[in-house]
**Student:** 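Here it is: the structure, laid out below.
In the text below, chain A, chain B and the rest are named by the order of the sequence lines, each starting its count at 1. Just the heavy atoms: all of them, side chains too, but no hydrogens, waters or symmetry mates, feed the values below.
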Amino acid sequence: NAGVTQTPKFRVLKTGQSMTLLCAQDMNHEYMYWYRQDPGMGLRLIHYSVGEGTTAKGEVPDGYNVSRLKKQNFLLGLESAAPSQTSVYFCASRARQVLTDTQYFGPGTRLTVL
Amino acid sequence: ILNVEQSPQSLHVQEGDSTNFTCSFPSSNFYALHWYRWETAKSPEALFVMTLNGDEKKKGRISATLNTKEGYSYLYIKGSQPEDSATYLCAFYNTNAGKSTFGDGTTLTVKP
């Protein structure tokens, strides 16, 4: 079991470039989440999905899009990267029946936008 | 946006010291409170989940308590060791929002 994996681990972009971050989980979890983590701050929810084909906005969705075409994958897209999107991005997942919302996290993607 | 506050923001202690930190959260629509342990260069891992007022959980030297009526949880570490150095995040799950809100974390550094 690999758990939750994220690709890539690191990336440097120039302002205006686009990219997609991939999150994959092999635990058959229905719920998946994308967070960003900035210095001195906790995890802020960008978007989440409660099942294949569904997505919803979190706390800080602007500038990001997501897709959940397959149950095991959750993609986070930046269409036109801005320096304010420099951050560490974490993906997480959990099973629907875990009503307490205990989440399993990926290793993170460190993104720098110049 | 729900407010989850953790204090202190950071803490430096000597090996062997006992320490504690606080998570405050809204007391309405409470469902669950998590403590996650987040070591540098790793991902957060669930340490405790508590759901009932008065819950106490323990894992080795680390324990946590929960007061849902007044909206706070304490995490205690007895006899801190360097390997306890990490950021401790709390996350409040409420039934209205349907998702967790994380605090900013308390970063603990234990000096040998």
Side-chain angles (χ1 to χ4, degrees), chain A residues 2-7 9-10 23-25 27 29-51 54-62 66 74 87-110, chain B residues 1-11 21-25 29-52 55 57 59 64 66 68 73 75 86-107:
Chain A
V4 181
T5 58
Q6 292 183 230
T7 311
K9 288 187 168 46
F10 304 94
C23 175
Q25 51 90 8
M27 298 175 282
H29 286 172
E30 292 83 3
Y31 288 38
M32 296 186 75
Y33 309 83
W34 274 110
Y35 295 92
R36 60 177 289 172
Q37 193 262 328
D38 300 299
M41 301 180 76
L43 297 167
R44 291 186 292 168
L45 183 64
I46 304 171
H47 286 280
Y48 64 102
S49 168
V50 299
T54 72
T55 62
K57 293 180 181 179
E59 191 185 337
V60 288
D62 293 343
V66 286
F74 194 27
S87 188
V88 183
Y89 291 85
F90 286 93
C91 175
S93 71
R94 68 125 161 141
R96 179 185 292 130
Q97 65 267 30
V98 177
L99 300 181
T100 56
D101 198 40
T102 302
Q103 298 178 24
Y104 294 83
F105 286 84
T109 294
R110 185 173 293 274
Chain B
I1 295 177
L2 300 170
N3 212 23
V4 178
E5 295 185 355
Q6 290 188 246
S7 61
Q9 187 174 25
S10 64
L11 204 49
F21 17 96
T22 307
C23 172
S24 302
F25 51 86
N29 300 309
F30 175 87
Y31 193 90
L33 190 285
H34 284 84
W35 282 99
Y36 287 86
R37 176 189 162 88
W38 192 358
E39 293 180 71
T40 303
K42 295 188 177 179
S43 42
E45 288 187 1
L47 197 52
F48 300 119
V49 56
M50 295 178 287
T51 57
L52 298 175
D55 256 355
K57 293 285 175 91
K59 191 178 284 188
L66 178 68
T68 60
S73 174
L75 188 79
T87 295
Y88 293 85
L89 288 176
C90 72
F92 164 70
Y93 184 59
N94 108 329
T95 48
N96 257 11
K99 49 191 182 294
S100 291
T101 301
F102 286 80
D104 289 346
T106 292
T107 299

**Student:** Under 4.5 Å heavy-atom distance to chain B, tell me which part of Tyr104(A) shows up: side chain, backbone, both or neither.
**Tutor:**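 For Tyr104(A), neither part sits under 4.5 Å from chain B.
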**Student:** Counting neighbours of CD on Glu39(B) that are heavy atoms of other residues, nucleotides or ligands and sit closer than 6.0 Å, is the number greater than 12?
**Tutor:**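 Yes, enclosed.
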**Student:** Nearest heavy-atom pair of Gly106(A) and Ser43(B): which atoms, and what distance?
**Tutor:**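 Shortest heavy-atom separation between Gly106(A) and Ser43(B) comes out as O-CB, 2.8 Å.
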**Student:** Before giving the answer on side-chain contact (heavy atoms from CB on, under 4.5 Å), spell out for Leu43(A) and Trp38(B) the whole-Å C-alpha distance, their side-chain angles and the decisive distance to 0.1 Å.
**Tutor:** CA-CA 11 Å; Leu43(A) 297 167; Trp38(B) 192 358; 3.8 Å; yes
**Student:** Is Ser100(B) close to chain A through its backbone or its side chain, or both, or neither, when contacts mean heavy atoms under 4.5 Å?
**Tutor:**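 For Ser100(B), the contact with chain A is made by backbone and side chain together.
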**Student:** Rounded to the nearest 0.5 Å, what separation is found between the CD atom of Gln37(A) and the CG atom of Leu89(B)?
**Tutor:**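 Spacing of CD (Gln37(A)) from CG (Leu89(B)) equals 8.0 Å.
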**Student:** Can you tell me if Tyr89(A) has over 12 outside heavy atoms packed within less than 6.0 Å of its OH?
**Tutor:**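 Yes.
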**Student:** When rounded to the nearest 0.5 angstrom, what distance separates OH in Tyr35(A) from CZ in Phe102(B)?
**Tutor:**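 Reported value, rounded in 0.5 Å steps: 4.0 Å.
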**Student:** So among Leu99(A), Thr100(A), Asp101(A), which one has a side-chain contact (heavy atoms from CB on, under 4.5 Å) with Tyr93(B)?
**Tutor:**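 Exactly one candidate clears the test, Asp101(A).
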**Student:** In terms of heavy-atom proximity below 4.5 Å to chain B, should Gln103(A) be classed as side chain, backbone, both, or neither?
**Tutor:**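 Both the backbone and the side chain of Gln103(A) come within 4.5 Å of chain B.
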**Student:** Please report the closest heavy-atom contact between Thr102(A) and Ala46(B), naming both atoms and the distance.
**Tutor:**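 Minimum heavy-atom separation between Thr102(A) and Ala46(B): CG2-CB, 3.8 Å.
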**Student:** Kindly determine whether Lys99(B) and Tyr31(A) satisfy side-chain contact (heavy atoms from CB on, under 4.5 Å), including the steps that lead there.
**Tutor:** CA-CA 10 Å; Lys99(B) 49 191 182 294; Tyr31(A) 288 38; over 6 Å; no
